[in-house]
Each structure stands twice: as C-alpha cells, then as structure tokens.
Protein chains: 4
Amino acid sequence: MMGPCADADAERRPPGRPRSADADRAILQATLELLTESGVASLAIEQVAARAGVAKATIYRRWPNKEALILDALAGTVDEKPIDLPGTSMRDDLVALVQGIVGRSVHTGRGQLYAWMVAESERNPHIAHKYKSLVVERRRELISSVLRHWQERGELRPDIDIEIAELLVTAPMLVYRVHWNPGVEPPADLAAQLVDAALSGIAAPQP
Amino acid sequence: MMGPCADADAERRPPGRPRSADADRAILQATLELLTESGVASLAIEQVAARAGVAKATIYRRWPNKEALILDALAGTVDEKPIDLPGTSMRDDLVALVQGIVGRSVHTGRGQLYAWMVAESERNPHIAHKYKSLVVERRRELISSVLRHWQERGELRPDIDIEIAELLVTAPMLVYRVHWNPGVEPPADLAAQLVDAALSGIAAPQP
Amino acid sequence: MMGPCADADAERRPPGRPRSADADRAILQATLELLTESGVASLAIEQVAARAGVAKATIYRRWPNKEALILDALAGTVDEKPIDLPGTSMRDDLVALVQGIVGRSVHTGRGQLYAWMVAESERNPHIAHKYKSLVVERRRELISSVLRHWQERGELRPDIDIEIAELLVTAPMLVYRVHWNPGVEPPADLAAQLVDAALSGIAAPQP
Amino acid sequence: MMGPCADADAERRPPGRPRSADADRAILQATLELLTESGVASLAIEQVAARAGVAKATIYRRWPNKEALILDALAGTVDEKPIDLPGTSMRDDLVALVQGIVGRSVHTGRGQLYAWMVAESERNPHIAHKYKSLVVERRRELISSVLRHWQERGELRPDIDIEIAELLVTAPMLVYRVHWNPGVEPPADLAAQLVDAALSGIAAPQP
DNA sequence: CACTAACCGAGACGGTACGTCGAGTCTTAAC
DNA sequence: GTTAAGACTCGACGTACCGTCTCGGTTAGTG
C-alpha cells in the first residue's frame, strides 16, 4: 500500500533555496509603475531593480531580457473585469462592446504599450505571438461569441463570415481612438453611429 | 519704378558657410537604410553618422535628437506614387483603395515605423502631430474625396457622415494587416469582402 | 577579558564584488606608458582604457578625473632606489647628492610631469599638495638630513639656516637642468663646481 | 618723369585687403585675458575668437596652432619695466635683483605659463627655444651684466665662472617661490639671506 | 548538524551609445 | 586677399545602461 506521499509523478522540487515570491511581485509592480510613468522606450532594468529593492541579477535570473520582463508585466494586468452586455438586441450588445473594448486600453494607459508591441512584432516573433494571444484573441473571443449568438437568432446575416463581421464592428472605433485621435475622448454617440453604419451598410439602397 | 535695392522681400541668405545638401541627403538615406535594416529601437546616431560618412556633430546640428531625425527621414518618403482608381463604380474604387492603401505601409516595410509613431505619440506631441499629418490625413484625403465623389452620384447614402464611412471602409483592412496578421499577405479577395460587407451591412434584412 | 565578539576593529569589507586589482595595475601602467610616450597634454582616458584592456567606466569608478589618475600613476613610481653617499666629507656627500637628485627626474623622463604639476598647482590645490609631498619634501628630507649631519660635525656653518643651505646646494643644479638646458646632459664636473661655489661663496675674500 | 608713386624699390605691397592690425591686437589681448582667467590648459581658440570679436580663421591665418598663439601672446608682455639697482655694492645690487626677478613672474601671474612652457619644452622645441630666449636669457643678461660689473671692481671672486655665480645667486629664490611655496609671498628678508649665503658660502671657516 | 545547492543584495566588469565640446580646415558673401 | 560667420571631420569627454560576473551571506532540503 502507498503512503500519503506517493508523488511518483509529482514535479521534483529543485534543490537549493527557492526563488522569492516577494521579489517576483516587487519586480513586476516596479516595472508597471515605471512603464506608465516614463514609457517603454526609457524603461531601464537598473531603475526597475532600484525601485523594487532587488539586485539586477535577480531580475535576469527570471527573465532573459527587457522585452520578456515587459511582456510578463503586461500579461498580469490585461482586462480583469468583464464587459456586461444588455442582451436586448444585437445592436445594443455591439454598441456596449465597442464602447467597452476601446475604453479598456485607453483608460488604463495601456495604449502605448500595445502600440509598442505592434512595432516590435515585426522583428520579435515572441512579442507578436504574445500580442496576438493577449490582446487580439481576447477581444476576438468576446466579439465573436456575441456575433455568433445573434447569428443563431437571425439578427446577423447568415452568409456573413464572422471574421469579416468582427473587423467591421470593432476596427473603426480602434482606428478612431488609436490612430486618428490618440488620447482624446470620442463623442458619446460614436459607438452607436459606427455600429449602425456597420449594420445597415453605407451603400445607397437600390431604387 | 524700382531702385537698385528693390530686394525688400528677398530672403536673406544667412552668413557663413551654408549647410551641405550632400550631407542632408546622405544622413537621411543612411537613416532610412538602418531603419529598415534594424528597426527603430536599435537605430544609433553613431551608426547613421558612420554610414553617411558624416560627423556626429553634423547630424546634431540639424536635428535636436533621434526622434526628429527619424521623423524627417520618414517624411521624405511617404506615398510617392498615386493609387489609380478604375472609376467604374464606388465598389470598384473602394476595393482598389483598400487594397492599395494598406499595401503601401506594408510593402515598404514602413509598418513598424508607423506603429512606433503611434507608441511615441502619447508622450511626444510632435510625433503625434507628424503622424497625423503625414499618415492619417494623407489617407483620409484620398478616401474622403472618393467617397464624396460617389455620394454626389448617389451611390453612397446621402445621410451618412463621411467620417463614419471612411472608418468603416478603411479601418477593417488596417486592423487585419497590422494587428491581426502582422507581416502576412492577406487573401486576395479580402478587400472585396470587406468593402462589400461595409456597403451592404451585416444585419440580416428585415422580412 | 575579551568576549567572543572581539572583532571591534575588524575592517568591514564593503558589499558587492570587490574592485579588480588587475584592473588597477593595468590602468596605472597604461597611464604611465602613454604619459612617457605622448606627454601629459595629449593623454586621453579612452586610450588608457583601450591599452589597459579595460572599460572607460572602470577608470571613472576609481578616479574622478584625469588629474587624479595621473597623480596616482606618478605616486607609485617616485624614487625607488636610494642615493648612496660616500660619507667621507660634506663636500663629497653633497656632490653625490646633487648629481643623484637631478639625475632621477631626468633619466626617468619624469621632468615633464613635474613641470606639469607645477603649472597646475596654481589652480589645483590637490596637485600642489601632491607635488610638495611627493617631490619636494622627499628631496628636502634627503638633503636636510645630510646637512644636519655635517653641521653637528662642524663642517657646515653653525649659524646657517638649514633651509637656506638646502636651497643654495640643490637649486642651482635644478635650474640648470630644468630651465637652462632641458634634456641636455650637464658637464660631469658641474655638480662639483656648484657645490664648491656654494661652500666657499662667490664673494672675493677681504684683503 | 615719375609721379608721386615712384616706389620702384619699395617693398611690394601684396594685392588685396591688408590684414587688420586691430584684429591682431584684439586677439592677443583676448588670449592674455583668458590665459590669466582660466589657465593654459582650458584656453580655447573658440573663446579667444568670440571675445576678440574675430573669426576663428582670422586667428589661424596668423598662427599655425594654439601653442604659437600663446607664445606670441606671452612674448608681448615680458618684463616691461626695468629693475632699478642701487649700485652701492654688489650685495645690494644682487638683493634688489633677486627680489625683483622673482617678483615679476609671480605678481603678473605668469608663473603658471612659464611652468607650462617648461613642461611642453621636452616635446616641442619651438617652445623650448622661446622659453630660453624669452625668459631665461633675459634674466641671465641682467644678472650676468651685474656680476661682470662687480667682478671688474673686485667684489666678485675673479676665478669664479660667471655662469656658476648666476646660478648660485638666482636659482635658490626661483626654487623657493616656484617649487617650494607656489603662490606664497616669501619673507621680506629671504632675498638678503640667500644672497649673503651665496656670497660668503655655507662651509664653516677653517680654524 | 553539517552539507550542498541555489538563492539574495550589492556592485564591479567590458561594452555601446549618448549628446557636448573643441581642434583645425573649408566655404560662403561681403568688403 | 582678407574678413565674419559658420559649416565641416575628427576625436575625446563624462554619463547611463546593457547583460554578465563575483563577492559575502541566506535559506531551504538532504545526508
């Protein structure tokens, strides 16, 4: 018979002193603070170490380089609270979604970091992948589930590709906020206008 | 009659040796080369100077810092050749436009630089302004003139705000290329699909 | 009786990696080499670093500026071997001393550095102090002990101030070598001539 | 018949605009000012040009480099007023001379410059030569003429080499002021003490 | 309890680039 | 041909971080 410690397949604890969880927390928090205070470009590991009250080596023992640290710091903070949908109609749900999605990256000041990720994506596939799974796919899951829900209920055209619909609904607000008017609050009714246009199209009706 | 000194409006040449136009060219070209070779983050003024065959001071005499140099280097190269529109219908024009606009920033490898500008915009209003006038407004002028043209001809709904229409038409492709699939060639028919969806809307027709 | 913790006077080692003694040596040696090869004026920290195979920061961590480095480099090399005196008479001792003292600063090529120290002394009290303790006082100790020795034995006038005697004996050779004929070997009998003149005076004897 | 301009043998005036004598003066004066204000090491031609209200090229047209300029600036200012000798006895003349000679280089703040010249002499023969003719020989002429004068009158030992006597009389004060006590006023009677010791010697008289 | 192994802080290490300064030269237009 | 002005190349300055290393010392599990 086996005793209570039959952990044959348990993961072996490595010998030696285990890494300090306090250090982990302090480093990530210091990183986030400095990131929001001074931006990605001027983030210095030495400052992170100083603020976290930690040796530089302690950081490099956990992350291979600056990028990895930033990525992890970000990962811990994306979109905590869900967006609540009215559920009364597709139009209402989409307006709430468009409003909420964009609000997130802007109000948390994370917009700059996302843009940095996009910029680095071209050269650093790790960042590209992280950005996709962290930001893009989280958004897409949200919006696509809503769209599919209303497609089953007949409010979304059955012949439309969900991917196309996602783009049509979310991209305009994103571009407006991030590219056209960075840092400016959009008009309150913009989300509604965009969703309405996406729903009914912009072509003049055939006579 | 004018006297011999009628150069009231002549622009005074400043005293001293004029700045070398050769140096200007060499610096900007070297910057652009290094930018495309190694990215924004790792661009070093010393390397620019070395490649341009120019002293570092010669660069700093012209631009106060790295950002200003990059901005100027970019400015000289945006959107040289026009996009030719078929003109046969609004749909055909928009498809050509959507195809063309995005192709530009991607095939020239300028995508990363634009993302960098967006990232820096939050902290550096100069960059924000430059990005707007250089990238955003150029695109918008193009698309809005086309839209207005077809609105007069009755193909675009007369009650639609042009700005909303611009977003609906261009944003989806931008988001697809830049955020969803950075560096990947989109399916050939994507532009058409997006434009068609924008034109006719995604809502199921009322019975 | 002492308790178990009687290490009250133990010197605490500072935390962190200790400075490399190899680097110390390499830097000082490189400094000395460049100093003798190219002179004080054209000594460049960057070249010192390059020759010592050391990073520039490693130098600046130890010395606040070029002057301090030069001073330390000098300090390590002053007057290693003693001058041996015959001891047969005051005259013989002084001739040997005068010969030897000046030979030192000249044959080691240190003459230029001493002149540089004198020149900087006016503006930099640190250098003034270092020059005094390093060069002047070392010489003076030597000569004054010899003079005192022979004063006790009645060969030096008992009413003469030792300081005056020091000057009278050593200054002429110094001025000859450094000011009148820089870099030229003096006649072999100059030391003897100068000492003899200093001993017996230059005034014609009273009839 | 010849006109009023029959300057057949006159030295040909070169064509073009003659060099401005004002510029010469302004440059030399500015150099001297900056030299006394900030020392040799930190003298910058650019600052000289700025203060003199002159272009840098105007300086380089006249002097090949910084050293040459400094040398010329110095040359214009050495020993303006003569030292007046009492003439009552050799002892009185020598005391006045010793007093006066050293006072010069010190009270005019020229001491540092002389030391700089000595330091550079080793590597730059031009400076060595200039120092010799400008400083050393001027002093030596003065002192040697006095010594010769009194030798003829029997106050200086007839068998003594003038050169030796010069050294014995002037070197001690020089070393005292420049090497032992830079920037400090010597005791009022030091000159007398030194001269007296040089005259009568420091050896105890034979019984 | 001693041993071992990995952790911790501190900070030095070789590098690379920063943005500034000055040297000495060159190129304008004006005189 | 000289002048003021200011550009040019070159080389060094002193600083800031990078990512790595070496210290003395700590903190777990294992023998």
Side-chain angles (χ1 to χ4, degrees), chain A residues 12-20 22-23 42-50 52-66, chain B residues 12-23 42-50 53-66, chain C residues 12-20 22-24 42-50 52-66, chain D residues 13-20 22-23 42-50 52-66:
Chain A
R12 303 292 283 124
R13 284 253 294 55
R17 174 176 173 177
R19 296 207 179 145
S20 155
D22 285 1
S42 60
L43 180 82
I45 294 274
E46 296 210 332
Q47 287 173 11
V48 173
V54 142
K56 244 195 318 177
T58 301
I59 298 181
Y60 280 106
R61 202 171 289 121
R62 290 161 163 76
W63 295 275
N65 51 45
K66 215 197 299 197
Chain B
R12 301 292 284 127
R13 279 224 343 30
R17 176 174 173 178
R19 300 224 174 129
S20 157
D22 285 1
S42 61
L43 180 82
I45 296 271
E46 296 212 331
Q47 287 173 13
V48 173
V54 141
K56 239 191 324 174
T58 301
I59 299 181
Y60 282 107
R61 202 173 289 120
R62 290 160 162 77
W63 295 276
N65 48 48
K66 216 194 294 197
Chain C
R12 300 293 286 123
R13 283 244 306 55
R17 176 172 172 178
R19 302 227 172 125
S20 156
D22 285 1
D24 279 50
S42 60
L43 180 81
I45 296 273
E46 296 213 330
Q47 287 173 12
V48 173
V54 141
K56 239 193 321 177
T58 300
I59 298 180
Y60 281 109
R61 204 172 287 123
R62 290 162 162 76
W63 295 276
N65 49 49
K66 216 193 294 197
Chain D
R13 283 262 276 65
R17 173 174 172 179
R19 293 204 182 153
S20 155
D22 286 0
S42 60
L43 179 83
I45 295 272
E46 298 209 331
Q47 288 174 10
V48 173
V54 142
K56 240 191 330 171
T58 302
I59 298 180
Y60 279 106
R61 198 170 293 116
R62 289 160 163 79
W63 295 276
N65 50 45
K66 213 198 301 198

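By convention in this document, chain letters (A, B, ...) are assigned in the order of the sequence lines, proteins followed by strands, and residues within each chain are numbered from 1. Note that the structure is a prediction, hence the values are computed from the model and not measured.
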Of E:dC18, E:dG14, E:dA12, the nucleotide closest to the side chain of B:A44 is E:dC18
Could a donor-acceptor pair under 3.5 angstrom be found where the side chain of B:K56 meets the base of E:dG19?
yes
Between C:A23 and C:S20 the two heavy atoms that sit nearest each other are N-OG, 3.0 Å
Closest non-hydrogen atoms of B:K66 and B:L43, given as atom of the first, atom of the second and distance, are NZ-O, 3.0 Å
From CH2 of B:W63 across to P of E:dG19 the rounded distance in Å is 14 Å
Separation of F:dG11 atom P from C:I45 atom CD1, nearest Å, is 18 Å
### Query
Is the shortest side-chain N to carboxylate O distance from C:D24 to C:R62 below 4.0 Å?
yes
(request) Report which part of the nucleic acid C:N65 touches: base, sugar-phosphate, or nothing (heavy-atom distance under 4.0 Å, all strands). (result) nothing
Rounded to whole Å, the CD-P distance (D:E46 to F:dC13) equals 18 Å
Among the nucleotides F:dT9, F:dC23, E:dG15, whichever has the atom closest to the side chain of C:A55 is E:dG15
Closest to the side chain of D:R61, out of F:dG6, F:dT3, F:dC8, is F:dT3
Between B:G53 and D:V54, whichever has its closest DNA chain F nucleotide further toward 5' is D:V54
message = Strictly distance-based, threshold 3.5 Å: is any side-chain N or O of B:K56 a donor or acceptor partner for the main-chain N or O of B:A49?
response = no
Of the candidates E:dC13, E:dG24, F:dT9, the side chain of C:R62 sits closest to E:dC13
Assign each of C:G16 and B:L43 the nucleotide of DNA chain E bearing its closest heavy atom; nearer the 5' end lies the nucleotide of C:G16
Which of F:dC8, E:dC8, F:dC13 is nearest the side chain of C:Y60? It is F:dC13
May I ask you to verify whether the side chain of B:R17 and the base of F:dC8 hold a donor-acceptor pair under 3.5 Å? no
Of F:dG24, F:dA5, F:dT3, the nucleotide closest to the side chain of C:R13 is F:dG24
Taken to the nearest 0.5 Å, the spacing of C:Y60 OH from C:N65 CG works out to 8.5 Å
Original post:
Reckon A:I59 touches a base, only the sugar-phosphate, or nothing at all at heavy-atom distances under 4.0 Å?
Top reply: nothing
Between CD of D:Q47 and P of E:dC21 the distance, given in whole Å, is 11 Å
Judged by nearest nucleotide, the residue sitting upstream toward the 5' end of DNA chain E, B:P15 or A:P18, is A:P18
Which of E:dG19, E:dG24, E:dG14 is nearest the side chain of D:K66? It is E:dG24
Nearest-nucleotide check on DNA chain F, D:T58 vs C:P14; residue mapping nearer the 5' end is D:T58
Exercise for the section: Describe the nucleic acid contact of A:A57 in one word from base, sugar-phosphate, nothing, applying a heavy-atom distance below 4.0 Å. Expected result: base
